[in-house]
Amino acid sequence: MTSMEARTSGATDPAAALEAFGAPLSRDFYRQDAVQLAPMLLNCILVHETAEGIRAGRITETEAYTQDEPACHAFRGRTLRNAVMFGPPGHAYIYFTYGMHHCMNAVSGPEGRGEAVLIRAVEPLVGLEQMLRARGLPAPAPGAALTPAARVRLGRALCGGPGRLCQAFGLDRTLNGDDLTRRPRLWIAPPGVSAGFARPESIVASPRIGISAGTDLLWRFTLRDDPYTSR
DNA sequence: ATCTCGATAGTCT
DNA sequence: GACTATCGAGATC
């Protein structure tokens with residue numbers, strides 16, 4: 001199986017899926033500022049390894065949050081909830097909100113600074129069956145050919161939004177603080193060879209979603225012409 | 001396509 | 001007691 005096949009077939013064979021991905025991104029990679037890191041994470045691969053199997057997706061939408069501005073949980077200083085944001089970079093900051101949803105961030109910047117990158121959407125690549133079950137969505141009719149448009153609709157229904165992708169990937173507070181630079185369980189691989197890191201001309205910057213302050217900052221990052229966004 | 005609204009519980013004032 | 005880095009359903013255009 002080629003790396004492309006492993007990434008697009010939705011195969012649940014863990015060994016084949018993992019072989020397709022590079023080693024986890026390094027601690028140094030995460031140490032850069034959130035606003036620089038956020039676009040660098042586009043096209044990278046979010047991976048969750050559990051006993052049930054592998055779930056993976058290509059990151060398509062991110063947002064930067066830093067302690068300098070009030071939309072960030074770290075703005076008012078360190079608390080029990082936001083503590084991992086102030087810890088070393090390269091860890092997962094996963095919090096619970098609206099009484100029913102989780103959001104997943106990658107902690108960035110030097111230790112002691114409260115900042116992180118919110119992962120808002122991915123294109124699901126591996127473990128689609130598990131994701132469907134986790135999201136409580138019906139599986140597409142067996143044997144039905146999945147048109148490109150239908151594939152995108154499915155991908156967005158599964159992982160188009162921070163709450164959706166956490167539910168699809170099975171991410172909750174028990175994974176808060178998990179080291180993203182080590183396997184298992186939750187980690188991020190560099191982009192696949194065909195995609196590569198997003199080139200500057202393909203990156204779109206826009207205001208962050210769902211906040212009331214800091215809407216003047218263009219700290220939401222998506223890929224030009226990529227349909228796998230949250231809205 | 002775009003809108004409004006309600007759900008629901010943890011966090012902080 | 002107010003607010004929330006959201007989502008889905010239902011109404012309306």
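In this structure, the CZ atom of A:R76 is 13 Å from the C1' atom of C:dA5, given to the nearest Å. Regarding A:L158, its CG atom lies at a distance of 11 Å from the P atom of C:dG8, rounded to whole Å. A:R208 places its CZ atom 8 Å from the C1' atom of C:dA5, with the value rounded to the nearest Å. The distance from atom CD1 of A:I119 to atom P of C:dT6 is 14 Å, rounded to the nearest whole Å. Whole-Å rounding puts the A:H73 NE2 to C:dC3 C1' distance at 11 Å. Counting to the nearest Å, the C1' atom of B:dC12 and the CZ atom of A:F75 are 15 Å from each other. The nearest whole Å value for the distance from the CZ atom in A:R156 to the C1' atom in C:dT6 is 15 Å. If you measure from atom CZ of A:R81 to atom P of B:dT11, you get 7 Å, rounded to the nearest angstrom.
A cation-pi arrangement is absent between A:R156 and A:Y228, since the terminal nitrogen or guanidinium carbon is not both under 6.0 Å from the aromatic centre and inside a 45° cone about the axis.
In the region residues 88-102 of chain A, proximity to DNA chain B at under 4.0 angstrom, judged on heavy atoms, holds for A:F96, A:Y98, A:G99, A:M100.
For B:dG6, the paired base is C:dC7 (Watson-Crick or G-U wobble, both distances below 3.5 Å). Applying the Watson-Crick and G-U wobble criteria (two distances, each under 3.5 Å), C:dG1 pairs with B:dC12.
Among the nucleotides C:dT4, C:dA5, B:dT11, the one closest to any side-chain atom of A:S212 is C:dT4. Of the candidate nucleotides B:dG10, C:dA5, B:dT13, B:dG10 has the atom lying nearest to any side-chain atom of A:R173.
Between A:C44 and A:I188 there is a side-chain heavy-atom pair separated by less than 4.5 Å. Between A:S230 and A:R120 the shortest side-chain heavy-atom distance falls below 4.5 Å.
As judged by a 4.0 angstrom heavy-atom cut-off over every strand, A:M104 is placed among residues making no nucleic acid contact. A:R231 comes within 4.0 angstrom of nothing in the nucleic acid, heavy atoms only. Here A:S230 lies out of heavy-atom contact (under 4.0 Å) with every strand. Nucleic acid contact for A:L118: base, since at least one base atom lies under 4.0 Å from a heavy atom of the residue.
A sub-4.0 Å separation between OP1 or OP2 of C:dG8 and a side-chain N or O of A:R164 is present.
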For this session: Please test A:T60 against A:T222 for side chain to side chain contact (heavy atoms under 4.5 Å, CB included), starting from the C-alpha separation and ending with a verdict.
Result: CA-CA 6 Å; A:T60 53; A:T222 50; over 6 Å; no
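Of the residues listed (A:H101, A:H73, A:H102), the one engaging A:Y95 in a ring-ring contact (aromatic ring centres under 6.0 Å, His included) is A:H73, and it is the only one.
Without hydrogens or angle criteria, A:N43 side chain to A:G196 main chain gives a donor-acceptor distance under 3.5 Å. Between the side chain of A:R31 and the backbone N or O of A:P89 there is no donor-acceptor pair closer than 3.5 Å.
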